[in-house]
Amino acid sequence: MIYLVRKLGAIALDLIEGLGRMGMFFFRVIRGVGRPPGKYLSTLKQVQFIGTKSFFVIGFTAAFTGMVLGLQGYYTLSKFGSEGLLGSAVGLSLIRELGPVLTALMVTGRAGSAMCAEIGIMRIEEQIDALECMAVDPHSYLITPKLIAGLIALPLLTAFCDVLGIFGGYLIGVQLLGVSGGAFMDGLTSSVVWDDVYMGIVKSFCFAVLMIWICTYKGYYAGLDEGNFGPEEVSWATTQAVVYASISILVSDYIITSILL
Amino acid sequence: MDRKGLELSVGVFLLIGLLCLAYLSIRLGDLQLFGGADYRVEAVFSNVAGLKEKAAVTMAGVNIGQVERIGLQDGRARVEMRINNGVKLEQDVIASIKTMGIIGDKYISISPGADDEYIPSGGAIQDTQPPLDIENLLGKFVFGSVDNNKSSGQKESGGDKK
Amino acid sequence: MPLRFYQTEPHQALVKLEGNFDSDTAPEIRKSLIKIVKNKGSESLKIDFSEVPNLGTAGVAVLVEVLRAMTRKGGALELVGLNDNARQMIRLARLGEIFQT
Amino acid sequence: MSSHNMIEIRGLDSHYKGRQVLFNIGFAIPHKKVTVIMGRSGCGKTTLLRHLIGLKPSESGRVFVEGQDMGSFDEKGMANYRRRIGVLFQSGALFNSLTVSQNIAVPLKVHTRLSDETIRIMSLIKLHLVGLADFLDYMPSQLSGGMRKRAGLARALAMDPEILFVDEPSSGLDPITAAGLDDLILELRETLGMTIIVVTHELESAVKIADQMVVMDRGNLLAVGTPDEIRSSQDETVLRFLRREAEEQQVNTESYLSRLLGRQYKAGENSTRRQGGVR
């Protein structure tokens with residue numbers, strides 16, 4: 001019994017320590033924004049990595065999601081005879097929910113995992129130690145550019161995802177199922193208001209921070225809990241990073257929605 | 001990858017992303033980037049049940065603005081609207097609250113007037129009509145004091161809702 | 001400014017450096033030296049190191065750049081007054097023959 | 001603190017995951033000399049090195065740098081210290097997303113305002129020094145282990161450090177390259193008066209380059225002295241160590257059997273200390 005209580009205490013202490021460490025980590029990354037070295041080129045590289053190289057994946061995901069929405073929406077709405085609302089149904093669900101969430105999840109899977117593994121490998125190969133020994137702050141040098149790039153790339157990818165998804169829905173609804181194109185576009189423009197777009201942007205900013213934070217943190221401290229640094233720890237850290245990042249994206253999505261709605 | 005190629009690919013990404021964002025916010029989100037493209041008008045209704053901010057303001061079915069704010073004034077509802085600059089409202093227009101479709105959103109419909117003078121920015125619409133109160137209508141229908149043509153449709157929809 | 005410039009003869013220029021020539025001071029010294037090489041049509045440039053206690057790799061690298069600029073103009077570069085430390089540094093960079101120390 | 005000592009270590013204990021790996025280490029590293037820290041793999045050499053470069057804070061005991069307690073360094077003090085040191089890690093620790101020359105340019109780009117051209121020439125000079133001038137634009141993954149290590153040394157030297165730490169310079173190198181590296185270390189001390197700390201398990205190269213040798217065994221300091229002093233030492237363990245005698249043989253058999261047969265076999269004192277540590 002006492003053992004159990006003690007165990008509980010130990011878990012709680014570990015948790016608090018971990019949270020504190022995460023907080024310090026984030027603080028150092030933020031602090032790195034104004035510090036040398038110049039981050040132009042490294043940020044550019046990261047924007048390319050997170051953004052440009054995710055175009056294809058996001059485009060694919062978005063188009064097919066939009067098409068499915070068109071299909072599902074049509075069959076549901078046609079029961080009530082309100083196919084005209086298809087445009088607003090597809091547009092609203094993409095712009096408010098699916099666009100930001102899907103984009104964040106896909107980017108987590110594609111770029112977040114790679115970032116975690118990259119930093120984890122740098123950790124186990126003593127590269128992060130080497131940076132520290134050159135008096136280069138690894139947070140500022142390695143992670144700050146990723147954070148900035150994430151904040152630039154994710155909202156834009158989300159917008160791209162929204163537009164392509166709407167296009168997919170239009171394709172299915174108007175071209176295939178014969179909803180009037182005018183009704184689709186009119187439903188879309190009249191029901192979507194700036195607040196919806198704004199909510200989508202706010203979400204994608206939050207998701208970008210969460211994803212980069214969790215993925216790089218997990219990589220940075222890969223193997224810390226076990227105390228040994230090897231390839232297994234990196235793969236374990238990567239798995240954890242993707243799972244935790246995805247979960248926190250979904251949870252924070254709910255929280256943001258309930259605050260902004 | 002060399003620097004030029006990198007900058008080019010990032011540039012293309014930023015361009016496409018910003019275009020999408022601009023399309024979403026300006027075309028779909030009706031974001032007003034430049035102030036002064038519209039002017040303010042207010043109207044006092046006895047009841048605005050179901051009307052929300054950002055709801056459309058129309059004339060003859062054409063969108064001419066949106067509801068800016070809804071507040072209370074002496075027990076009545078005071079609605080502020082933004083009307084596009086190109087549209088002039090005569091002093092004797094009538095603002096009424098209507099419903100889009102059967103279960104659609106509430107919006108404000110303004111019927112054109114014939115007065116020579118226009119409402120200035122910040123002015124008020126004098127004549128207003130509250131939305132049809134379905135429960136009220138239903139009650140009147142039950143006690144048989146309402147004209148038949150109009151009430152049959154209302155009764156059905158009211159029944160659906162209940 | 002740890003740099004003094006003399007035009008000793010029409011075709012000869014002497015530059016006297018003062019202070020450490022390391023990665024902190026190298027950017028400025030480099031700028032001045034390159035300017036001297038470009039502007040003055042001197043055929044030979046002499047750099048006096050007698051007041052330079054410390055020569056770092058950055059300094060050696062800048063000297064390589066200056067040497068390259070001089071040879072491109074057909075001129076010569078001469079280093080004088082090198083102390084042991086500087087001599088060692090140049091030798092360590094395997095540039096002893098090029099700079100004739 | 002005597003002024004001719006660059007670094008002084010006093011009563012240093014160190015734990016790693018609840019296991020004590022260093023026991024009361026104390027010695028001094030003199031200015032402008034080569035100090036070799038020797039011992040078998042797993043004896044705590046690398047941990048000691050991590051203490052010296054400030055990657056591991058000391059729990060009990062102190063590390064002094066020119067008389068200043070490293071434990072009292074704030075972030076800025078630590079950064080100042082680290083700008084004066086160069087470290088070659090066991091694996092080379094090159095950044096694998098950058099080319100060899102970009103690797104060397106990292107500290108220069110962060111800490112100086114040198115032009116790209118100057119930095120390029122400096123990288124070339126350093127790479128030439130370690131015999132890799134032809135591999136300027138190679139990626140680390142295209143290099144062999146030994147070349148990576150030499151490139152790592154070039155990077156450690158990029159900022160003209162006063163103190164150079166080298167972790168296992170010759171492991172994984174062919175004998176000729178290893179000897180070349182030893183010569184380079186001696187040349188650096190000779191010409192630039194660098195203070196150099198080398199961690200190695202290679203007795204031969206240790207004796208060749210060391211001005212001072214520090215012999216460690218299982219987290220304990222066995223002996224400190226010049227190579228000659230160490231060689232003429234009367235201490236049994238040191239002698240055994242130098243003769244590479246199978247000293248572990250007997251003790252190890254015991255602990256080996258105890259591990260195989262379980263608890264009933266009583267383990268010797270040495271082996272309990274080794275695995276037991278602090279629970």
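Throughout, a chain's letter reflects where its sequence line sits, starting with A, and its residues are numbered from 1. As a basis for the values below, the full set of heavy atoms in this structure was taken, side chains included, without hydrogen atoms, waters or symmetry mates.
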Would you mind checking which part of B:Leu19 comes under 4.5 Å of any heavy atom in chain A, side chain (CB onward), backbone (N, CA, C, O), both or neither?
neither
Kindly check if the number of other-residue, nucleotide or ligand heavy atoms within 6.0 Å of CD (B:Glu117) is above 12?
no
If you define the side chain from C-beta out and look only at heavy atoms, does anything of B:Leu14 sit under 4.5 Å from A:Ile152?
yes
side-chain contact (heavy atoms from CB on, under 4.5 Å) between B:Leu24 and A:Ile95, worked out:
CA-CA 9 Å; B:Leu24 285 179; A:Ile95 291 171; 3.8 Å; yes
Ranking A:Ala153, A:Gly200, A:Pro155 by heavy-atom pairs under 4.5 Å to chain B gives rank one to A:Ala153
Does atom CZ (A:Phe55) have a neighbourhood of more than 12 heavy atoms from anything else shown, all under 6.0 Å?
yes
Measure distances from A:Leu85 to the heavy atoms of chain B and classify the residue's part below 4.5 Å as side chain, backbone, both or neither.
neither
Taking atom CD of A:Gln72 as the centre, report whether more than 12 heavy atoms of other residues, nucleotides or ligands fall under 6.0 Å from it.
no
Starting from the C-alpha separation in whole Å, work towards a yes-or-no answer on side-chain contact (heavy atoms from CB on, under 4.5 Å) for A:Leu41 and B:Leu6.
CA-CA 9 Å; A:Leu41 210 58; B:Leu6 178 71; 4.3 Å; yes
Look up atom CD in B:Glu7 and atom NZ in A:Lys45, then write down how far apart they are to the nearest 0.5 Å.
11.5 Å
Within a strict 4.5 Å, meaning less than it, do heavy atoms of the B:Leu18 and A:Leu156 side chains meet?
yes
Which answer fits A:Phe160, side chain, backbone, both or neither, if we ask what part of it has an atom under 4.5 Å from a heavy atom of chain B?
both
Intermediate values then yes/no, side-chain contact (heavy atoms from CB on, under 4.5 Å), A:Leu157 and B:Phe13
CA-CA 9 Å; A:Leu157 278 177; B:Phe13 165 70; 3.6 Å; yes
Might you point out which heavy atoms bring B:Gly17 and A:Ala159 nearest each other, and give the distance in Å?
O-CB, 4.0 Å
Closest non-hydrogen atoms of A:Thr52 and B:Ser9, given as atom of the first, atom of the second and distance, are OG1-O, 3.4 Å
At a heavy-atom separation under 4.5 Å, does A:Leu164 approach chain B through its side chain, its backbone, both, or neither?
neither
Engaged part of A:Phe167 at the chain B interface, taking heavy atoms whose separation is under 4.5 Å:
neither
